[in-house]
Every structure is written in structure tokens, then in C-alpha cells.
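Just below is one structure, and these are the notes that go with it.
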Amino acid sequence: MTKEEAVEKLEEIATLLDLRGENPFKSRAYRTAARALDSLSEDFDTFVREGKLEGVKGIGEGIRAKLQELVATGHLSYLEELKGSFPAGVVAFLDIPGLGPKKAKILWEKLGIRDLAGLESACRSHRVGKLPGFGSKTEENILSGIEQRRSYAAYHRYGDLIGLAEQLVEELRAHPEVVRVSMGGSFRRGKEIVRDLDLVCSSPKPAAVMEGFVSATGVRRVVNHGETKSSVVLEGGLACDLRVVPDEDYPYALLHFTGSKEHNIALRQRAIAQGKKLSEWGLFREARIRFSEGSEDAAAQEKESGERIRCRDEAEIYENLGLAYIPPELRENLGEIEAAESNQIPRLLEWTDLRGTFHCHTTASDGHSTLVAMAEAAQALGLEYLGIADHSKSSFQANGLDEERVACQQEEIRKLNGTFRGFRLLSGTECDILRDGRLDFSDSLLASLDYVVASVHAGFSTSEEEMTRRIIRAMENPYVTMLGHPTGRLLLMRKPYPVNLEKIIDCAAETGTWIELNAQPLRLDLDWRWWHAARDKGVRCVINPDAHHTRELGFVRIGVNIARKGWLRREDVINTLTLKLVERALRNKRGGGG
DNA sequence: GCCGTTTTCGGCCCGACTGTTTTCAGTCG
């Protein structure tokens, strides 16, 4: 029994208790216990067996007994009993925005609806709107929620697929008949949302490689199984294609299957203009009709298919088209071909360029790891500094810190800093931007901190003008160092709030306020599409993990991928600066300089 | 279900918004 499994079971109990309409404080107790458990660093199984649960705050007698049962037997009878009182499909109602436990319970009890399909038809036949507390608007909202959920099921978040993608590539690489292998498609291009995974590999014995691929663990269904191309559906519903080619064809196939389609079209047009032809099978000198010498006989005409220009890798294909190598992240036909033509492709940011990061949470607010644990994890990652930015007091739901607790944390950080060598914690805050654009703390408190992340966490349903004004007002405060997750989007879950990003970017350039590239896989906010233009206006990017757990510090790597996609170089990103330089930058920001 | 200079009961985080009502319940962050 792993800690993660136990945490999941406790959270499941909490959800089911909510659905059953039990005392809300009871379900909260289970969630608190799940959180307490999650932040334990010891081996869970041993920890429970050795009776060490006693004394863990948030886990009392009752939950302790259940965890002991779980470790001893692998089962939790209480959870089984709860599960038995509801159709499993009812739990999915809670994923529909606007439906909580109370309404889900009513839908099941009064109308006997057991799953989303039943819910949909009940809304269409207007049976839902007749229930007390429900109306026609609710029906509409439920239907659009179901529709949204359905369309999103075909998409996956980039950050959620990295581990799986790396595993697939490694498994293929380990196959004795595989020569070269790479991920292709939109995943390789670092798109924040992907539909499926495309793998490309080379081998002298494609059939053997294919056999291994379709019978690999984790394959739920084989859609196509051919000599050179196969498609499978993996556990979890993700579609995955594999293309196997002879090694001499590999660079062309990889280029082709990496895309984007728009990039490929532009490359092909360029090839044609140069008297060449580019396809997934090769780059050819123009095919032409050659007349046999001395003969005008049509039968003597010899058709030549064109000679393939031998390229050992993608870089050589670009070279033969008169282009500098274009990294996959830039292949969107958004100016990269023109840049490559004049040798203006930038040296993109690398993950090893990062020296530190800001915007991390601890157990003081809604994080799951302590301040000390976060500091240790950051040092293990080789960072020189780590900024702590717990929530401010208005974020009640996230246990935001008030002035007094901020002061305590500052003191704690000050003491800890005395114990480090070559590493420093920076004390900050993720300060709420209030509805009128004021900040959640006074200027004097903000001034006492090393830096301030200003973010919007509430009041999303407002006009674009209002939201833009609100954020700009916050950014005009000289103590605001950076703007956190500028659009508030949650990929595949919540749309961005309405905001005029051009004005926000202009304001950032004027005030010298940094803009965050929030590297939480759910957010990846600000979107990569804005960064090239923001950079050209002189806006500095700061890549933050928004980590709520030590293991989430690694999110910065995903942030680096997105930054690359936004054409960012080392010099565009603040947290590539050394501690000494970043401290100077923080002071300069307050001095009004950029 | 947890917790305790309020200690074995009674509180447990708060406010805005939406859609439903005609004063408020449910949901969300």
C-alpha cells in the first residue's frame, strides 16, 4: 500500500460522504487527514505498521484505525460500504461545473439518474428543471458542462503525458532491432494540449519492432497493426501511433511526423521553389522528363523519379533547403522559416540555465510540504535560490496568511538562511489582487518582503475592461514584482478570465513588472503564443512552478519547454540570473528601474 | 471526524456569485 493510494482512498471517502449529505466537517476531516498523510516523507507502509500515525496532526483515532486496516488487509470496509450506497456514475456529476454534492444527490434520489448519459437525457426532456432548486438555466448549464467534458476527453495535457512519453521512447530504444527513435507530433513540438502521441523509429526489422509495440504492457486496444505503421489505444484512452522506417528514411519521416502541417507545407513550397521535392520519404532533386539523346521517339522518353538528397538527420534536411536548424518547438510556421533563412533562430532557453525560482507554497497556506522540505528539495535540484510565496489572507480557502503569520514566516526564513551555504530562501507572498485592483496587504508590509507575486484568485466573472483595469492597477504598485498566472486558465477545465493581454503586456513593459510563466501543467499561463511579442517589448519572463509539494518543483522543466515554444532565450528569463544578480534585479524593480 | 490556555462538547474558513427564489441554498475559490 503506497501513500498515494491511501491518500486517494481518504479523498474518495470524503467525496462520498459529501454525496451522502453527511456533516460537512466530517468529510473535511477526511480531506485534512489525506493532506496530512500526503505531506509525510517517511515510507507510508512502515510508518503505519510501526504505529507512528499517533501524533500526526489531523489524523485521529477513527481515521488511524482505517489506515491500519488498509495497510493490514489492503481493503477499507468503510469505503466499500460507502461505495455500495451510490451508483459509481453519480460521482462524475461533481465534475460538471455548478453541480455539487447536494444537487448530485437530488438528481440520483428524485429522478433515479445513475450516470452522465441519464443526466443528459433528463435535461433534454426538461425533467431536471422541474425539481425544486433547479431551473431551465441549470439544465442549460449541465448540458453545456457535459458537452465540454465530452469534447475535452479527446485531449490531454502536455505536462500529464511527459512521463508516459519518455517511458514509451525508452522501451522502444531498448528493443534490439531499433536504431533510432523519437517522439514526433505536437508532443515533440511542446504543444500544451495534445490529442495523441506519435512515435517514429528506424529499424532493419520493422515487423519485430511492431510486434513488441502492440503487445506492450499498457496497450488496451490495437486499432491498426501493420508492418510499418500501427495505432493503439493506451490505458487511459490515449491514442498512440508508431511509424517504423528503414534508417536512411528516418530523418525525413521524423520531420514529416513532427509537423506542424503548416510548417511542412511551407518547407515543401520552399523545396519546390528550389527545384526540389520534400515528402515523408525524402528530399529529392526535381523529377524531370529526360529525352534520350538523338531520339524524338516518345517511347524513348525515360521518366526519372528524381534523385534523393542524402540527409543523415533533420539538420541536414534544413541545411539542404538553405535553412538553419529549426528546433521542434518553433515549427508552427510563425516566422521560424524566415528566421532560419537569415540565421536568426535564437539559442533557446535550456532547463539547465535556471538558477532559482519564485512562487512556491508551503504548509503555511495550502502547500503539502514544509518550508524546510521545500528548501532541501530546491537545493537537491541544484537551485541557488527559492522564493516562498504563500497565499495572502483573502484566499481563505487556501488558508492564506495574515500580516502576523507573514511576519512569522519571514523570521523563520531569516533563521533558516543563516544555516545555508550557497543557497538562499527569498520571502515573498502571492498577494491577492482584490476586486478593485487594490492588493491584499499594505505597501509597508509588501515592502518588508523580498518580492511580491500578485495574482487574481476570485471574481472571474467580470468584463474584460474591468479585469484589465484591475490587474493594471495592481501592476502599477511598485512593490508588485511579478504578475502571477495572468489569465487564470486551467487547461481542459476552465477558460481564461476575460482580460486584454496586449494592455497587460504594455503595462508590464512600462512598469518593469515581470510576467510569470506558471509551469503548473494545468496552467502553463501565460500562454506561449504571447511570449515572442512580449519579449520584443522588453517584458521579462519568470518561470515558476507554483509548487504545492516538493515533487512539483520539477514543473519548471515543463515551463522551460513552453518558454522555448515562445522563442525565449536565457536573457529573457529572470530566473536564469545568479542569486547576486537576481537580488539586484529585485532592488532595481522597487527603485522604479527595469 | 478532529481538536483542545474555550479540554470531552461545540466549534470547525469566509465571502461572492448564480440561479433560484421572494430571503436563500448551493457552489466555488
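So you know, we letter chains A, B, ... as the sequences are listed, proteins then strands, and number each from 1. Just the heavy atoms: all of them, side chains too, but no hydrogens, waters or symmetry mates, feed the values below.
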Do A:R523 and A:L491 touch side chain to side chain, with heavy atoms closer than 4.5 Å? no
Test item: side-chain donor near acceptor, A:E516 and A:H485, under 3.5 Å: no
Given B:dC14, is OP1 or OP2 found less than 4.0 Å from the side-chain N or O atoms of A:K393? no
Go nucleotide by nucleotide along DNA chain B from the 5' end; which of A:L99 and A:G58 gets its closest nucleotide reached first? A:G58
From the list B:dG29, B:dC12, B:dT20, which nucleotide is the closest neighbour of the side chain of A:K137? B:dT20
Under 4.0 Å between any heavy atoms, over every strand shown, what does A:F460 touch: base, sugar-phosphate, or nothing? Just pick one. nothing
Mind checking A:K105 for me? I need base, sugar-phosphate or nothing, with any heavy atom below 4.0 Å counting as a touch. nothing
Expected output is a numbered-order residue list: members of residues 77-87 of chain A with a heavy atom under 4.0 Å from any atom of DNA chain B. What is it? none
Within the 4.0 Å heavy-atom criterion, would you say A:R31 contacts the bases, only the backbone, or no part of the nucleic acid? nothing
A:K102 side chain N/O closer than 4.0 Å to the phosphate oxygens (OP1, OP2) of B:dG26? yes
How about A:H361 and A:H548: are their ring centres within less than 6.0 Å of each other? yes
Can you identify which nucleotide, out of B:dG26, B:dG19, B:dG1, has its nearest atom closest to the A:T138 side chain? B:dG19
Are B:dC14 and A:F396 stacked, with the base six-membered ring and the side-chain ring centres under 5.5 Å apart and planes under 30°? no
If you take the centroid of each ring, where Trp contributes its six-membered ring, are A:H457 and A:H391 closer together than 6.0 Å? yes
Name the closest nucleotide to the A:R494 side chain, picking from B:dT27, B:dG29, B:dG1. B:dG29
Answer yes or no: is there a side-chain heavy-atom contact under 4.5 Å between A:K103 and A:F93? no
Count the heavy atoms of every other residue, nucleotide or ligand shown that sit under 6.0 Å from CZ of A:R49, and state whether that count exceeds 12. yes
Any non-hydrogen side-chain atom of A:I515 less than 4.5 Å from a side-chain atom of A:T513? no
Tell me what A:P97 touches on the nucleic acid: a base, only sugar-phosphate, or nothing, going by heavy atoms under 4.0 Å. sugar-phosphate
Please give, in whole Å, the distance from B:dC2 P to A:R64 CZ? 8 Å
Would you state whether a donor and an acceptor, one from the side chain of A:N141 and one from the base of B:dG19, lie under 3.5 Å apart? no
A:H457 atom NE2 is separated from B:dA16 atom P, nearest whole Å, by 17 Å
Atom CD1 of A:I106 to atom C1' of B:dT20: distance rounded to whole Å? 12 Å
Quick one: which of B:dC2, B:dC12, B:dT20 gets closest to the side chain of A:A29? B:dC2
For A:L434 and B:dC17, give me the distance from atom CG to atom P, rounded to whole Å. 13 Å
Indicate whether OP1 or OP2 belonging to B:dC17 is found under 4.0 Å from a side-chain N or O atom of A:R435. yes
Please tell me which of A:S461 and A:A458 maps to the more 5' nucleotide of DNA chain B, matching each residue to the nucleotide holding its nearest heavy atom. A:S461
What's A:S136 touching, base or sugar-phosphate or nothing? Going by heavy atoms closer than 4.0 Å. sugar-phosphate
For A:P101, which contact category applies under a 4.0 Å heavy-atom criterion: base, sugar-phosphate, or nothing? sugar-phosphate
Would you say A:L107 and A:F134 make side-chain contact, with heavy atoms under 4.5 Å? yes
